[in-house]
Number of protein chains: 2
Amino acid sequence: MREAERFNGSAPKRGSDGRSLTPRKTGGFVTIKDVAAHAGVSIATVSRAINDNGYVATDVKARVLASMQELGFRPSQRARSMRSSRTMSIGAIVSELVNPVHLEFLRGVESAANESGYVVLVVSSQGSPEKERESLGRLVAERVDGVVLGTFVGGRRSLDILAEHNIAHVPPAGPVSEALNSAWMRAEAAATHEMGRRLVELGHKRVAYVVFQETPGRRAPGYHHKARYEVLRELFGAAGVALDMVNLAGLPAEGAPAEEIVQAARSVDPPTAWVACNHILLPYLLDGLAGLGIPEDVSVVGYGDSIWAEAYRPPITVVSHDTYREARALTSMLLDSINGRPLAPEGVEYRSQFIERSSVGPARR
Amino acid sequence: MREAERFNGSAPKRGSDGRSLTPRKTGGFVTIKDVAAHAGVSIATVSRAINDNGYVATDVKARVLASMQELGFRPSQRARSMRSSRTMSIGAIVSELVNPVHLEFLRGVESAANESGYVVLVVSSQGSPEKERESLGRLVAERVDGVVLGTFVGGRRSLDILAEHNIAHVPPAGPVSEALNSAWMRAEAAATHEMGRRLVELGHKRVAYVVFQETPGRRAPGYHHKARYEVLRELFGAAGVALDMVNLAGLPAEGAPAEEIVQAARSVDPPTAWVACNHILLPYLLDGLAGLGIPEDVSVVGYGDSIWAEAYRPPITVVSHDTYREARALTSMLLDSINGRPLAPEGVEYRSQFIERSSVGPARR
DNA sequence: CTGTTAGCGCATTCAT
DNA sequence: ATGAATGCGCTAACAG
């Protein structure tokens, strides 16, 4: 049997022609009215029974619940939101769905949201501020109760969309251009500083910091790596260590190592330590450095940890933080705010850490 | 400034106390009524202007559009769905948000959905059939127009939830217990067969197939690896190669290699080739095999590709398919069906491939 | 304790 | 070409 046939059979589409003249009868879903009729009560009673709200005689309630079961009734959350102005949904936005760290983020958001009965709308900006605004607009149209910002690229203008529509969001809007979230930034800066000091200690004199190049249409989630870069620049400046920014035009093509990395590694005075600003860059960096011994020839550091970084030989040194935990905490905070619950006074606790593994060693002389 | 304070300031919650006496005025969103008042027309005219539907005088239309702009009006998709029985949303369900392959899947779903103006609700089952049903129930409550099944664990009973509510879904429901999707399975079986033949050819006499152990509360997305295992068992049976199933109780703890793998590798007659049934298992497998030379001592094969598998030294041989492309195609198919568009007669084209890299070599004698 | 009613935001029909 | 009125499914106010 062909695929398409089986598909058709399994999923008859509702309201088949796109333009029936009368409002379609809710696409064949069981409604509260059906339940009311079946149980021989009014819809108000059904509503009360569902929500355990107001007075309902015990036997009546039992009858209603039985009818619900039998008919397979699921109250429409959409209809509910019409009245309550709560949609029980939140949005999560990330720049691109390619970085395993984003998956950690989504996992955190989803788990915290689900625990509180919320669903998560996932949208991405694909690195484009324009696309980002479009995606946020979609979340507005869906009237999500709040938005968790993973990575975002549009800066203040994007946030204004949410502010304009009075949609709660985390992290809170600070001066985005400086640092999205100062607590996060502080933790990250401290760990970055620690990492930098270690490289200095090991005698590295030239360090490469690998980032994605920004283009007009495609921006990197800016506040992260720029601030880190500043930390390193300052530290290295004082210690007499050169810091090269290596810009990748994009994700290298399949099988071909990144040209920019290969070039930099072949230069007259090549870096003896390489830092990938981004977890997704790390494997590409490693691929680009193929042939060089780690850490005999070059040391390697990544941002963001994963089982792969740990399983790599040698295991890769990273600066990382528990994205899952932080996303969970951030989401809980958002939901607390939405529901008027008291917020934890300390906010989300960010803990970046420098995890030294054997990919880092003394600079080659 | 403390986190919580900044947060509160940035996201004033709407309808602060949980029980205002009158229906809340839509949480402060601009409505079609506001636009109508501002433009000095009726709401019907605004509606027509937005949707380019029916007759609207050109100048009136311009005025309405200007008012929309000025007021920052975004039509509520939720209110729209009330009438149209189309929510312009679809659900995507995966077992767990940990496997990078799932991220590829979500990326495919999201991109295809967005192109058609749909938003994606992401839910997970966390490997539990019960949780899966709950999550699907949430999607039903949200009245999604369709669901893309990534991995799922609840079998027929889960699908029945969708069928009961007449919600379109892909892949189509076949006899789940045998194979969710025969086209997919065929492609996967062919590539698996090729991989197995190669191992035989290289003289391997004992092969380990590493999977996650199922427990009552936690099931592996079954149809994948069982079917593959069968392919290998048959092939190896004929060739006189032993096939060991190595069950991992769960994800190994941080830093500690999986006990089950270490044990099997140390046995009297250890496997000379190892196959990870799952991309997320691969790094754990590599970690567990640490100390053994690849491919001198043991050969390694993974299911599902990623840049990490490629960047690993040696690069890891995999059986993989383009999850992103397939998820996109699957989603497009779902949307075509929902919108009554003709379906591509051939359905989704699945292409599994055996990608041999240097992690596979002759069996050690 | 229960039923009737109004209205959430929007698209649509029917009058004008 | 436009406006008034209706109803999608549901909850909450009010009247029995």
Side-chain angles (χ1 to χ4, degrees), chain A residues 14-15 18-37 39-64 68 71 73-88 140-143, chain B residues 14-15 18-37 39-64 68 71 73-88 140-143:
Chain A
R14 322 183 293 272
R19 49 179 165 257
S20 30
L21 296 185
T22 58
R24 263 170 273 169
K25 301 224 54 150
T26 188
F29 284 98
V30 177
T31 75
I32 198 174
K33 222 187 240 171
D34 300 326
V35 178
V41 295
S42 75
I43 57 168
T45 302
V46 176
S47 175
R48 281 187 285 254
I50 305 170
N51 301 305
D52 236 343
N53 184 353
Y55 303 94
V56 186
T58 350
D59 58 328
V60 175
K61 187 165 174 180
R63 213 168 63 230
V64 171
M68 282 180 48
L71 299 178
F73 171 65
R74 304 282 321 210
S76 161
Q77 183 54 57
R78 302 190 90 88
R80 281 186 157 159
S81 359
M82 288 262 57
R83 283 196 56 83
S84 63
S85 89
R86 309 290 291 273
T87 62
M88 298 305 282
V140 172
E142 287 293 337
R143 300 293 190 262
Chain B
R14 324 183 291 272
R19 51 180 164 259
S20 32
L21 295 186
T22 58
R24 263 170 273 170
K25 299 222 57 153
T26 185
F29 283 98
V30 178
T31 74
I32 197 173
K33 222 187 241 170
D34 301 324
V35 178
V41 294
S42 75
I43 59 166
T45 303
V46 175
S47 175
R48 281 188 283 254
I50 304 170
N51 300 304
D52 237 343
N53 185 353
Y55 301 96
V56 186
T58 349
D59 56 328
V60 175
K61 188 166 175 179
R63 213 168 63 230
V64 170
M68 282 180 49
L71 299 178
F73 171 65
R74 305 282 320 210
S76 161
Q77 182 54 57
R78 303 191 89 89
R80 283 187 155 158
S81 356
M82 289 260 56
R83 280 193 58 81
S84 64
S85 91
R86 308 291 290 274
T87 62
M88 298 305 282
V140 172
E142 288 292 338
R143 301 293 191 261

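Remember, it's a predicted structure, so these values are computed and weren't measured experimentally.
Across all strands shown, B/Val46 has no heavy atoms under 4.0 Å from either base or sugar-phosphate atoms. Nucleic acid contact for A/Ser76: sugar-phosphate only, since backbone atoms but no base atoms lie under 4.0 Å from a heavy atom of the residue.
For residues 40-49 of chain A, the set of pairs meeting the salt bridge (Lys or Arg N to Asp or Glu O under 4.0 Å) definition, not counting sequence neighbours, is empty.
Checked against C/dA11, D/dC14, D/dT11, the side chain of A/Ile32 finds its nearest nucleotide in D/dT11. Picking from D/dC8, D/dT11, C/dT12 the nucleotide with the shortest atom distance to the side chain of B/Ser47 gives C/dT12. Listed nucleotides: C/dC10, C/dT2, D/dT11. Nearest to the side chain of B/Arg80: C/dC10. Closest to the side chain of B/Arg143, from the set D/dC8, D/dC10, C/dG3, is D/dC10. Checked against D/dA1, C/dC8, C/dT2, the side chain of B/Tyr55 finds its nearest nucleotide in D/dA1. In the set D/dT2, D/dT11, C/dT12, D/dT2 carries the atom at the smallest distance from any side-chain atom of B/Ala57.
Scored by the side-chain hydrogen bond (donor to acceptor under 3.5 Å, both in side chains) test, B/Asp52 finds B/Lys61 as partners (sequence neighbours excluded).
A close approach under 4.0 Å does occur between a side-chain nitrogen or oxygen of B/Ser42 and OP1 or OP2 of D/dG3. Applying the 4.0 Å criterion to OP1 and OP2 of D/dG9, one finds that A/Thr31 has every side-chain N and O outside that range. Contact annotation: B/Asn53 side-chain N/O to C/dA11 OP1/OP2 distance is not under 4.0 Å. The phosphate of D/dG7 (OP1 or OP2) has no side-chain N or O of B/Arg83 nearer than 4.0 angstrom. Contact check, B/Thr45 against D/dT2: no side-chain N or O comes under 4.0 Å of OP1 or OP2.
B/Val64 has its side chain out of reach of B/Val56: every pair of non-hydrogen atoms, C-beta onward, lies at least 4.5 Å apart. You'll find the side chain of B/Arg143 reaches within 4.5 Å of the side chain of A/Arg74, heavy atoms only.
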Verdict with supporting geometry, B/Arg78 and B/Glu142, salt bridge (charged side-chain N to carboxylate O under 4.0 Å, His left out)
CA-CA 10 Å; B/Arg78 303 191 89 89; B/Glu142 288 292 338; 3.0 Å; yes
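With the end axes of the helix from C/dC1-D/dG16 to C/dT16-D/dA1 each set by five pairs, the angle from one to the other reads 50° at 10° resolution.
Looking at which nucleotide of DNA chain D each of A/Pro75 and B/Gly54 is closest to, the 5′-most match is held by B/Gly54.
Side-chain atoms of A/Arg78 and base atoms of C/dG9 include no donor and acceptor less than 3.5 Å apart.
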